[in-house]
Amino acid sequence: MGGLSSAAAQNGLLFGTAVCTSDVLAQPLTRAILRDCSIVTPEYEMKWDAVCPNPGFPDYSAADELVSFALANALAVHGHTLWWHESVPPALRTEPEKRFREAAMDHLQATVTRYAGRLHSWDVVNEPLEPADGRADSLRETPFLSAFGPGYIETAFHQASLLDPAAILVLNEMGLEYASPAAEDKRRQMLALLEREKSRGTPIACLGIQSHLTALEQPRNHPELRTFLREVRAMGLTVMITELDVSDHLCPRDRRRRDAIVADTYRAYLDLVLEETEVLAVSTWRLSDDRTWLNGFRPRPDGAPQRPLLYDRAIRRKPAWHEVEHALSKERQPGSDEAPP
Ligand code: XIL
């Protein structure tokens, strides 16, 4: 049986996952990555605080190692992420705005230049929206907003476009997938942001939808998400599913039941997204349960390790692997013209 990348290729898209340097050495996992993936995202190694723990002394060795591994194995690389409020080097978080502005621009320019021509795409700006911060434009209050003003997104994308015209430039966001009033508000705010940036000529080519889902919370049918995806497509933007995983913290402890619920969540979500928009790539946020970030971010109340991904801790395929394979390979026509169900 072919891997997930060949299933995805049947519909002209890439399948991948987040990797870190230790994965490259872990044989069973590396074999699964090479069998299933056609694109990889560095989980940490390209983030600003990972590259520059000490500002002024960047260390790209880990990122270089992952890029070399990927290119040596004909894998595309999705760069993650240039400007993100969660990965500002600690020493810069309290710097005056002018100093921060210089450092942020230096980092973006140096990093994009270093990999220019070799990356498939970049998460140029990550998680720009936070309606709870109360701004009329719903921009998140971040050091980038403080230092550059609301034009920081335009600034970042223009610089990245100048320095690597070949890379697909992605605006990446979390929480657009859920069926809640807050998520619907965030979807509306994202469309307004994309319209504003488009009118300014900001070279955003693709919307990254992180897709950190929760089993038993993510609805199978989701008309508001369908409508949103159609509106994104109507704006001429493509989509990347950038960080897909399915938290099982609300699921019963029984493994077979958990795995079945998680698998069904993957299938229903991917069926919906792939029906409604032009998806360039689907990437999970790691491939196997053994090192999911969710054990820290969304621990199960019963303390059992999460089982959110496609392979178990022994790198064996789970039901979710098979459901993702079905969804990726399914013959489909992007969103027909009738109204969403
Ligand atoms: C996460 C990593 O997976 C964690 O290990 C780390 O502690 C925090 O960052 N959205 C993102 C990713 O864009 O960069 C985050 O990755 C998960 C949420």
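One-based numbering, in listed order, for ligands and for the atoms of each.
- Checked by atom type, the side-chain pair Q210/N126 shows a donor-acceptor distance below 3.5 Å.
- Side-chain atoms of K318 come within 3.5 Å of backbone N or O of L309 as a donor-acceptor pair.
- Between W48 and H107, the ring planes are parallel. Angles under 30° get that label, and only those over 60° would be called perpendicular.
- Among all non-hydrogen protein atoms, the one lying nearest atom 5 (O) of ligand 1 is Y44 OH, 2.8 Å.
- Considering E325, Q10, E275 as possible partners of K330, the one that fulfils the side chain to side chain contact (heavy atoms under 4.5 Å, CB included) test is E275.
- Of the N or O atoms in E243, one or more lie within a sub-3.5 Å distance of an N or O in ligand 1.
- If you look at F297 next to ligand 1, there are no close heavy atoms at all, none under 4.0 Å.
- Heavy atoms of E43 approach ligand 1 to within less than 4.0 angstrom.
- With respect to the salt-bridge test (charged N to carboxylate O, under 4.0 angstrom), the residues D312 and R255 do not qualify.
- Against a heavy-atom cut-off of under 4.0 Å, N126 is close to the following atoms of ligand 1: 11 (C), 13 (O).
- Scanning the protein for heavy atoms near atom 1 (C) of ligand 1, the closest one is K47 NZ, 3.7 Å.
- Near H80, meaning under 4.0 Å from one of its heavy atoms, ligand 1 places the atoms 11 (C), 12 (C), 13 (O), 14 (O).
- At least one heavy atom of E127 sits closer than 4.0 Å to an atom of ligand 1.
- Ring centers of H80 and W285: under 6.0 Å apart, within the cut-off.
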